[in-house]
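All values derive from a computational prediction rather than experimental measurement. Numbering of ligands and ligand atoms starts at 1, following listing order.
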Amino acid sequence: MTPCTDYKAAIRAYTEATGKEWHPRAALIDMDGTLYDSMPNHARAWQRLMREQGIDLSYEEFFLHEGRTGAATIDCLFRRELGRPATEDEKRDLYHLKTIYFQEQPPVDPMPGAEQMLCELEAAGIRRILVTGSGQSSLISRLSTDYPGAFSDDDRITSRNVSHGKPHPEPYLKAMELARTEPWESIVIENAPLGVESGVKSGAFTIALTTGPIPQKTLADAGAHLVLPSMLALADILPELLSPNH
Ligand code: CA
């Protein structure tokens with residue numbers, strides 16, 4: 001599918017497809033690769049962990065699993081590469097090890113443009129909800145420092161709040177329940193194909209950003225309504241995108 005990079009055309013197509021007027025009241029925002037430039041560290045930690053299990057995969061491979069819970073990623077790779085599911089003990093122990101490998105790496109930076117994006121949402125009166133498949137407490141606990149006031153403790157959906165991680169729609173459906181919004185009143189902001197799939201299945205207007213090696217076309221194929229080249233690009237067009245007069 002050709003990526004839609006024109007926000008007016010994207011909103012028109014969304015309105016036509018859903019039959020609902022788009023009227024955003026809440027933004028449901030992914031964390032890794034969206035609020036933080038954390039995916040390179042995650043990919044390196046996963047690559048090291050899997051190599052130790054005899055599973056040698058490319059660095060880029062792990063960007064395609066982004067959004068899954070840790071347990072689901074381990075199980076998926078074991079089934080594909082070893083021809084068997086991972087046991088509950090393996091899922092727990094290996095994810096614990098992956099968390100250690102992630103924490104051993106250099107500190108992760110906030111994504112350029114993310115603060116501006118959050119400010120533009122606030123200025124437009126849009127409620128901000130964090131929606132992450134991560135249980136990575138080292139990053140979640142930094143949110144209040146890096147983005148003060150953006151997400152209250154009640155405005156967060158993490159791996160602890162859902163039974164099914166992305167690409168299942170549950171994380172975004174739970175976030176809408178929390179925000180008390182309908183899909184056509186919600187914007188999903190994502191960077192990964194599985195996250196985009198989750199957002200699209202939830203029915204929300206889903207914006208994908210290319211912040212890593214995933215090509216725009218892959219995000220469009222996952223169903224993204226609008227694909228933009230960076231977080232800064234989104235932050236720059238947000239005032240117009242959220243204006244009721246476009
Ligand atoms: Ca992500």
Side-chain angles (χ1 to χ4, degrees), residues 3 27-47 59-73 76 95 98-99 102 105 108-115 117-118 128-140 142-143 146-147 150-151 155-162 164-175 186-202 204-216 218-235:
L28 319 177
I29 307 166
D30 169 60
M31 183 173 77
D32 285 294
T34 300
L35 290 174
Y36 287 102
D37 192 10
S38 47
M39 277 313 297
N41 282 11
H42 279 296
R44 279 190 290 266
W46 276 117
Q47 195 179 32
Y59 167 78
E60 286 79 15
E61 158 93 27
F62 296 100
F63 286 80
L64 297 171
H65 294 274
E66 194 195 335
R68 282 195 219 281
T69 61
T73 301
C76 173
Y95 187 58
K98 187 258 163 179
T99 304
F102 177 75
Q105 295 188 65
V108 160
D109 290 324
M111 186 64 74
E115 194 177 358
M117 176 271 299
L118 292 168
R128 299 157 297 182
I129 311 270
L130 177 80
V131 186
T132 176
S134 175
Q136 206 65 252
S137 56
S138 63
L139 269 191
I140 294 171
R142 274 183 51 185
L143 282 166
D146 293 326
Y147 302 109
F151 306 100
D155 286 351
R156 300 173 183 199
I157 299 289
T158 72
S159 62
R160 291 173 196 185
N161 306 106
V162 295
H164 307 284
K166 302 166 188 176
H168 195 282
E170 188 187 356
Y172 284 113
L173 292 173
K174 278 259 166 78
S186 311
I187 309 170
V188 164
I189 302 175
E190 264 290 349
N191 74 305
L194 296 179
V196 165
E197 209 180 310
S198 170
V200 170
K201 281 191 206 149
S202 79
F205 182 75
T206 301
I207 302 174
L209 312 174
T210 41
T211 62
I214 306 266
Q216 292 203 342
T218 308
L219 296 165
D221 288 344
H225 300 107
L226 175 65
V227 182
L228 296 171
S230 66
M231 177 58 85
L232 278 166
L234 172 63

- Query: Do His42 and Lys98 have a side chain donor and acceptor closer than 3.5 Å?
  - Reply: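 A pair is found: one side chain offers a donor N or O, the other an acceptor, under 3.5 Å apart.
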
- Message: Please name the atom of Glu66, limited to N, O or S, that comes nearest to the Ca ion (ligand 1).
- Response: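 Nearest N/O/S atom of Glu66: OE2.
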
- Which atom, counting only N, O or S, brings Asp30 closest to the Ca ion (ligand 1)?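 Among the N, O or S atoms of Asp30, the one closest to the Ca ion (ligand 1) is OD2.
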
- Message: With a sphere of 6.0 Å drawn around CD of Glu115, does it hold more than 12 non-hydrogen atoms of other residues, nucleotides or ligands?
- Response: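 Open.
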
- Message: Restricting to N/O/S atoms, is Met31 within less than 3.0 Å of the Ca ion (ligand 1) or not?
- Response: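 So Met31 does not count as coordinating the Ca ion (ligand 1).
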
- Is the Ca ion (ligand 1) under 3.0 Å from any N, O or S atom of Glu190?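 It does not: Glu190 brings no N, O or S atom closer than 3.0 Å to the Ca ion (ligand 1).
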
- At the Ca ion (ligand 1), what is the angle formed between atom OD1 of Asn191 and atom O of Asp32, rounded to the nearest 10°?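 Taking the Ca ion (ligand 1) as the apex, I get 90° for this pair.
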
- Task: Among Ile207, Ile29, Val196, find the one that has a side-chain contact (heavy atoms from CB on, under 4.5 Å) with Glu190.
- Result: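 So the option named by the test is Val196.
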
- Output yes when a side-chain donor or acceptor of Tyr147 lies under 3.5 Å from a complementary backbone atom of Leu35, and no otherwise.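 Yes, the answer is positive, given that a donor and an acceptor are paired below the 3.5 Å cut-off.
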
- Does the ring-ring contact (aromatic ring centres under 6.0 Å, His included) test come out yes or no for Phe102 and Tyr95, once each step is laid out? CA-CA 10 Å; Phe102 177 75; Tyr95 187 58; 9.8 Å; no

